[in-house]
Number of protein chains: 2
Amino acid sequence: MLNHMVPDRAPGLDRVFHALAHPARRAILRQLCGRERNLSELASPLNMSFPAATKHVRVLERARLVRRRIVGRTHLCRLQPKPLAQANTWLEGYRKVWEGNFQRLDALLNELKSDPNPTPHASVRRQAKRQA
Amino acid sequence: MLNHMVPDRAPGLDRVFHALAHPARRAILRQLCGRERNLSELASPLNMSFPAATKHVRVLERARLVRRRIVGRTHLCRLQPKPLAQANTWLEGYRKVWEGNFQRLDALLNELKSDPNPTPHASVRRQAKRQA
DNA sequence: GCGATTGTCAACCACTTGGTTTCATGTTTC
DNA sequence: GAAACATGAAACCAAGTGGTTGACAATCGC
């Protein structure tokens, strides 16, 4: 019924969402929009040690959000946006929910409050009686 | 230039993406589509202990993705989709990147390879020389 | 009132995360 | 060849995650 595009148990989704869950990594992704950058460029605006920054890059690589290409002594990183699109697709599965479909739930609950008979969740009926 | 709708350093985004980064929590969200459910309902298909499941629900509550309403002894949980929409908005900021804009980067790099003069990143010029 | 249901809390555990510092390695430049 | 540069790797640490178990409290049905 929902999210038929992206399955629920997807370790890829785990890694992508986890990668997006840190502001430093989101900042790295934003830096990577438009052009490649090497690790020093990525690390310098991050206000943390260089090894810490490269660990964040590695998290992004595990999530396949960043690909690295070694050129001499510099490691050029490049945004790999497909997993972002996949995460977006997963979120889109909930679009109808946040675009007002949940108001139908409101309507349903109100209906149940005014009509004590149709045997939905017992607790909902109790709630209705209590508030009456 | 990008993501002007949702700021980069947003602790709300941290919590939302972290909440989405676990399959159990995504399964809970999906269960919550359409109707409220109490904690037992949410926990039973999750193949883990009840306290573990309620911890996941609490993570979702911290991310404002779930709101809880106590009715007698049952705790009814309800999907709160606005943060999902916010995460979606953040991702949308990268849509142009994954919808082919990054091919302009390819074109730019190829242009740099064939023209050694226009002083971009030194490493890119070196790369061009090496491959020539 | 009793027993079953629903859920909380605290303690505990193994593992991961996010950060540091220090040292080593390959590369470019002069 | 030496110095500067770009990065990796390892050891370490504090805090957080994800899970368990066991004891406890409130509530509902009978």
Side-chain angles (χ1 to χ4, degrees), chain A residues 9 11 14-28 36-63 66-78 119-130, chain B residues 9 11 14-28 31 36-63 66-78 121-131:
Chain A
R9 298 198 66 90
D14 291 17
R15 297 194 206 94
V16 170
F17 281 133
H18 170 248
L20 297 181
H22 195 288
R25 292 191 291 258
R26 290 198 299 274
I28 290 174
E36 288 181 313
R37 294 182 192 265
N38 62 26
L39 293 182
S40 306
E41 281 178 302
L42 292 176
S44 63
L46 246 44
N47 203 27
M48 65 180 65
S49 72
F50 187 81
T54 65
K55 282 186 185 180
H56 283 299
V57 172
R58 221 182 315 260
V59 170
L60 291 167
E61 284 182 291
R62 268 193 328 184
V66 160
R67 210 168 51 179
R68 179 190 308 221
R69 171 176 126 240
I70 301 177
V71 177
R73 66 182 165 181
T74 75
H75 292 209
L76 289 171
C77 293
R78 174 177 189 161
T119 58
H121 281 131
S123 43
V124 175
R125 267 184 290 130
R126 280 196 298 276
Q127 163 81 356
K129 281 182 189 171
R130 176 161 306 179
Chain B
R9 299 197 66 89
D14 292 16
R15 297 195 206 94
V16 170
F17 281 133
H18 170 249
L20 297 181
H22 195 288
R25 292 191 290 259
R26 290 197 299 275
I28 289 175
Q31 268 198 287
E36 288 181 313
R37 293 183 193 265
N38 62 26
L39 293 182
S40 304
E41 280 179 301
L42 292 175
S44 63
L46 247 44
N47 204 27
M48 65 180 64
S49 71
F50 189 78
T54 65
K55 282 185 185 178
H56 284 299
V57 172
R58 223 184 314 262
V59 170
L60 292 167
E61 285 182 289
R62 268 194 327 186
V66 161
R67 209 168 52 179
R68 179 190 308 219
R69 170 177 127 241
I70 301 178
V71 177
R73 66 181 166 183
T74 76
H75 292 208
L76 289 172
C77 293
R78 175 176 188 162
H121 282 129
S123 42
V124 175
R125 265 184 292 130
R126 280 195 297 277
Q127 161 80 358
K129 282 181 189 172
R130 174 160 306 182
Q131 290 191 350

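Each chain gets a letter, A, B and so on, in the order its sequence line appears, and its residues count up from 1.
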*Asks:* Considering just the side-chain nitrogens and oxygens of Ser40(B), establish if one lies under 4.0 Å of OP1 or OP2 belonging to dG7(C).
*Replies:*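 Indeed, a polar side-chain atom of Ser40(B) lies that close.
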*Asks:* Hey, is the main chain of Val59(A) close enough, under 3.5 Å, to the side chain of Arg25(A) for a donor-acceptor pair?
*Replies:* no
*Asks:* Tabulated below should be each protein N or O lying under 3.5 Å from an N or O of nucleotides 18-20 of chain D; please produce it.
*Replies:*
unit_1  : atom_1 : unit_2   : atom_2 : d
dG18(D) : OP2    : Arg25(B) : NH1    : 2.9
dG19(D) : OP2    : His56(B) : NE2    : 2.3
dG19(D) : N7     : Lys55(B) : NZ     : 3.3
dG19(D) : O6     : Lys55(B) : NZ     : 2.5
dT20(D) : OP1    : Ser49(B) : N      : 3.3
dT20(D) : OP2    : Ser49(B) : N      : 2.8
dT20(D) : OP2    : Ser49(B) : OG     : 2.5

*Asks:* List the atom of Ala63(A), the atom of Val16(A), and the distance in Å for their closest heavy-atom pair.
*Replies:*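 Scanning both residues completely, I find the closest heavy atoms to be O-CG2, 3.7 Å.
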*Asks:* Applying side-chain hydrogen bond (donor to acceptor under 3.5 Å, both in side chains), name anything that partners Arg68(A), two or more places apart in sequence or on another chain.
*Replies:*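 Residues passing side-chain hydrogen bond (donor to acceptor under 3.5 Å, both in side chains) with Arg68(A): Glu61(A), His75(A).
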*Asks:* Quick one: Leu76(A) CG to dT7(D) P, roughly how many Å, whole number?
*Replies:* 8 Å
*Asks:* What pair of heavy atoms forms the shortest contact from Gln31(B) to Glu41(B), and how long is it?
*Replies:* NE2-O, 3.3 Å
*Asks:* Not counting sequence neighbours, which residues clear side-chain hydrogen bond (donor to acceptor under 3.5 Å, both in side chains) with His18(B)? List them please.
*Replies:* none
*Asks:* State which residues pass side-chain contact (heavy atoms from CB on, under 4.5 Å) with Ser44(B); sequence neighbours excluded, sorted by chain then number.
*Replies:* none
*Asks:* For a quick test of reading the model, state the closest non-hydrogen atom pair linking Leu46(A) to Ala27(A) and the distance between them.
*Replies:* CD1-CB, 4.3 Å
*Asks:* Have a look at Arg62(A) and say if it touches a base, only the backbone sugar-phosphate, or nothing, with a 4.0 Å heavy-atom cut-off.
*Replies:*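 Contact class for Arg62(A): sugar-phosphate only.
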*Asks:* To the nearest 10 degrees, what angle separates the axes at the start and end of the helix from dG1(C)-dC30(D) to dC30(C)-dG1(D), five pairs each?
*Replies:* 30°
*Asks:* For Asn38(A) and dT7(D), give me the distance from atom CG to atom C1', rounded to whole Å.
*Replies:*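 My rounded result for the distance is 10 Å.
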*Asks:* Hey, what are the protein-to-nucleotides 2-5 of chain C N/O distances that come in under 3.5 Å?
*Replies:*
unit_1 : atom_1 : unit_2   : atom_2 : d
dT5(C) : O2     : Arg73(B) : NH1    : 2.6

*Asks:* Check the pair Ile28(B), Arg37(B) against side chain to side chain contact (heavy atoms under 4.5 Å, CB included), reporting the backbone distance first and the verdict last.
*Replies:* CA-CA 10 Å; Ile28(B) 289 175; Arg37(B) 293 183 193 265; over 6 Å; no
*Asks:* Please list, chain by chain and in numerical order, all residues satisfying side-chain hydrogen bond (donor to acceptor under 3.5 Å, both in side chains) with Arg58(B), sequence neighbours excluded.
*Replies:* none
*Asks:* To the nearest angstrom, how far is Leu20(A) atom CG from dT17(C) atom P?
*Replies:* 15 Å
*Asks:* Within this structure, what is the CZ-to-C1' distance between Arg37(A) and dA6(D), rounded to whole angstrom?
*Replies:* 17 Å
*Asks:* Going by side-chain hydrogen bond (donor to acceptor under 3.5 Å, both in side chains), name the residues that satisfy it together with His22(B), two or more places apart in sequence or in a different chain.
*Replies:*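 By the side-chain hydrogen bond (donor to acceptor under 3.5 Å, both in side chains) rule, His22(B) matches no residue at all.
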*Asks:* For Val66(B) versus Val57(B), what's the shortest heavy-atom pair and its separation?
*Replies:*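 Result for this residue pair: CG1-CG1, 4.4 Å.
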*Asks:* Rounded to the Å, how far apart are Phe17(B) CZ and dG16(D) P?
*Replies:* 22 Å
*Asks:* Check the distance between dT7(D)'s P and Leu39(A)'s CG and give it to me in whole angstrom.
*Replies:*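 Taking CG of Leu39(A) and P of dT7(D), I get 5 Å after rounding.
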